[in-house]
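To keep things clear, I will list the structure first and then write my remarks on it.
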Amino acid sequence: MSRPLPLVLAQAPRRAANDLDGLAADVRRRTTGLPAQPLVVYPELHLGGPIGTDARASTPEALAEPLGGPRDRALAELAGDLGIWLAPGSVYERSTDGRVHNTAPVYSPRGQRVAAYRKIFPWRPYETVTPGAEFTVFELDGIGRVGLSICYDAWFPETTRHLAWMGAELVLNFVQTSGSDRSQECVLARANAIVNQLFVASVNCAAPVGTGRSLLVDPQGTVRAEAPADSDTTLTDVIDLDEVTNVRRHGTAALNRPWQQFRPDDAPLALPLYQGRIDPATWTGRTTGAPCLGESDEVRPTLVEARMP
């Protein structure tokens with residue numbers, strides 16, 4: 001059995017927040033001649049660049065739009081027109097209570113928004129946006145589940161672990177890193193892939209804002225594709241999400257099977273840090289079908305699909 005997924009990872013320079021025509025042309029350029037219905041991924045705040053010369057018009061507050069606004073409709077239409085899965089990077093979103101979030105939407109080939117994830121761990125004190133509060137995965141029709149994270153989220157292992165528990169087989173990490181810590185982020189991408197036995201795509205923006213070095217890591221931690229520097233680059237691949245199933249079943253390097261760690265008679269493991277516990281009854285690497293991970297409504301994780309106030 002095989003579940004192929006074409007990927008287009010765009011290590012692109014940041015563009016002006018209102019440059020939707022430029023984005024559309026760029027998507028067409030990067031997907032020409034590639035397999036049908038690829039998942040196209042851009043960096044964090046790709047549509048977050050300044051508009052004009054007035055600094056006040058380029059703040060997160062000024063650039064924020066509500067979900068369902070003109071930008072959202074235009075991005076959905078673009079995905080539908082091109083017949084692609086589009087993850088255009090994160091954008092500034094204004095919620096109904098007036099707060100601004102760093103939010104990553106995803107659109108289907110049917111021209112519909114299927115998910116929107118608010119960054120849970122903004123990089124403080126630099127980022128002034130309001131943190132999100134829900135982990136988010138979405139379904140790729142007939143292929144598998146994809147989890148969403150934004151930049152600094154990758155530094156918190158709870159993020160990727162929770163997405164894996166929700167059934168993610170690929171985690172997209174949208175990045176806008178301009179500092180020397182990109183080296184550490186590349187290590188984290190591999191580490192998160194290894195300990196959760198899933199694919200990780202870490203897509204950083206290109207110069208002059210970002211330091212690049214985008215990469216795609218497989219469930220054993222092997223780097224399948226990597227941008228060597230900070231230039232405008234497109235990484236393409238066709239991954240097989242069944243690799244996640246195989247690695248979890250047979251083990252990393254045929255040795256390590258953490259999702260099969262517990263036996264039926266093992267007692268739950270207390271986790272004082274979280275005021276909770278690991279329950280062996282819900283610890284599993286099942287990646288397809290429903291329910292996702294856990295057999296009862298009480299333990300079944302929630303699939304968050306653009307449930308925004």
Side-chain angles (χ1 to χ4, degrees), residues 8-32 39-119 122-123 126-130 132 148 150-151 172 174-178 203-210 212 214 230-234 306 308:
V8 178
L9 309 181
Q11 180 174 288
R14 191 171 66 170
R15 65 179 63 248
N18 62 348
D19 188 15
L20 292 169
D21 289 342
L23 174 64
D26 194 65
V27 172
R28 290 185 176 93
R29 174 177 68 86
R30 295 180 194 270
T31 57
T32 297
L39 173 57
V40 182
V41 186
Y42 280 83
E44 178 184 21
L45 296 174
H46 179 61
L47 289 171
I51 299 176
T53 58
D54 185 354
R56 293 171 298 179
S58 298
T59 63
E61 290 73 19
L63 297 177
E65 287 188 17
L67 289 175
R71 178 184 58 207
D72 184 58
R73 293 193 296 270
L75 291 169
E77 183 177 352
L78 174 61
D81 287 347
L82 297 182
I84 62 173
W85 294 91
L86 177 61
S90 63
V91 295
Y92 289 121
E93 176 223 345
R94 185 178 303 280
S95 63
T96 55
D97 62 7
R99 296 181 179 183
V100 175
H101 301 271
N102 185 347
T103 300
V106 179
Y107 304 89
S108 76
R110 297 182 299 277
Q112 300 172 333
R113 174 168 31 86
V114 295
Y117 164 69
R118 291 171 172 169
K119 189 175 185 178
W123 189 48
Y126 177 78
E127 283 192 88
T128 59
V129 296
T130 300
L148 304 176
I150 301 175
C151 206
L172 305 180
F174 311 95
V175 182
Q176 183 182 268
T177 290
S178 57
V203 185
N204 193 15
C205 62
V209 173
S214 300
D230 61 2
S231 60
D232 187 335
T233 304
T234 305
M308 300 298 175

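For the single chain, residues carry numbers from 1 onward in sequence order. Since the structure is predicted, the reported quantities are computational estimates derived from the model, not experimental observations.
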Report task. Start with the C-alpha distance between Tyr92 and Val129, add both sets of side-chain angles, then the distance that settles side chain to side chain contact (heavy atoms under 4.5 Å, CB included), and finish with yes or no. Result -> CA-CA 9 Å; Tyr92 289 121; Val129 296; 3.9 Å; yes
Applying salt bridge (Lys or Arg N to Asp or Glu O under 4.0 Å), can you list everything that pairs with [X], at least two apart in sequence or on another chain?
| X | result |
| --- | --- |
| Arg28 | none |
| Asp72 | Arg113 |
| Arg30 | Asp26, Asp232 |

Report task. Among residues two or more places apart or on two chains, list those pairs meeting salt bridge (Lys or Arg N to Asp or Glu O under 4.0 Å) that have a residue in residues 73-89. Result -> none
In a table with atom names and distances, give each donor-acceptor pair under 3.5 Å that connects a side chain of residues 44-51 to protein atoms at least two apart or in another chain.
from  : atom 1 : to     : atom 2 : distance (Å)
Glu44 : OE1    : Gln176 : N      : 3.0
Glu44 : OE2    : Asn102 : ND2    : 2.9
Glu44 : OE2    : Lys119 : NZ     : 3.0
His46 : ND1    : Pro13  : O      : 3.3
His46 : NE2    : Arg15  : NE     : 3.1

Query raised in the report: Could you walk me through whether Val8 and Leu39 pass the side chain to side chain contact (heavy atoms under 4.5 Å, CB included) check?
Result: CA-CA 6 Å; Val8 178; Leu39 173 57; over 6 Å; no
Report summary line: What one should report as the nearest heavy-atom pair of Phe174 and Tyr42 is CD2-O, 3.1 Å
Query raised in the report: Pro43 and Ala10: which non-hydrogen atoms are nearest, and at how many Å?
Result: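 Taking Pro43 first and Ala10 second, the nearest heavy atoms are CD-O, 3.2 Å.
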Report task. Take atom CZ of Arg99 as the centre, draw a 6.0 Å sphere, and report whether it contains more than 12 heavy atoms from other residues, nucleotides or ligands. Result ->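 Not buried by this count: 12 neighbours or fewer within 6.0 Å.
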Report task. Starting from the C-alpha separation in whole Å, work towards a yes-or-no answer on side chain to side chain contact (heavy atoms under 4.5 Å, CB included) for Val27 and Ile84. Result -> CA-CA 10 Å; Val27 172; Ile84 62 173; 3.6 Å; yes
Non-hydrogen side-chain atoms of [X] and [Y] separated by less than 4.5 Å:
| X | Y | answer |
| --- | --- | --- |
| Tyr117 | Thr103 | no |
| Val203 | Leu172 | no |
| Leu148 | Val106 | yes |
| Pro88 | Tyr107 | yes |

How would you list, by chain and number, every residue that makes a side-chain contact (heavy atoms from CB on, under 4.5 Å) with [X], sequence neighbours excluded?
| X | value |
| --- | --- |
| Gln112 | Ser108, Arg110 |
| Ala16 | Asn18, Asp19 |
| Pro109 | Gln37, Trp85 |

Under 3.5 Å, is there a donor-acceptor pair between the side chain of [X] and the main chain of [Y]?
| X | Y | value |
| --- | --- | --- |
| Thr177 | Val175 | no |
| Asn204 | Gly212 | yes |
| Gln11 | Ser214 | yes |

**Report entry** Residues in side-chain hydrogen bond (donor to acceptor under 3.5 Å, both in side chains) contact with Thr130, at least two apart in sequence or another chain
**Finding:** none
Query raised in the report: Can a salt bridge be assigned to the pair Glu93 and Arg118 using a cut-off of 4.0 Å between side-chain N and carboxylate O?
Result: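 Answer for the salt bridge query: yes.
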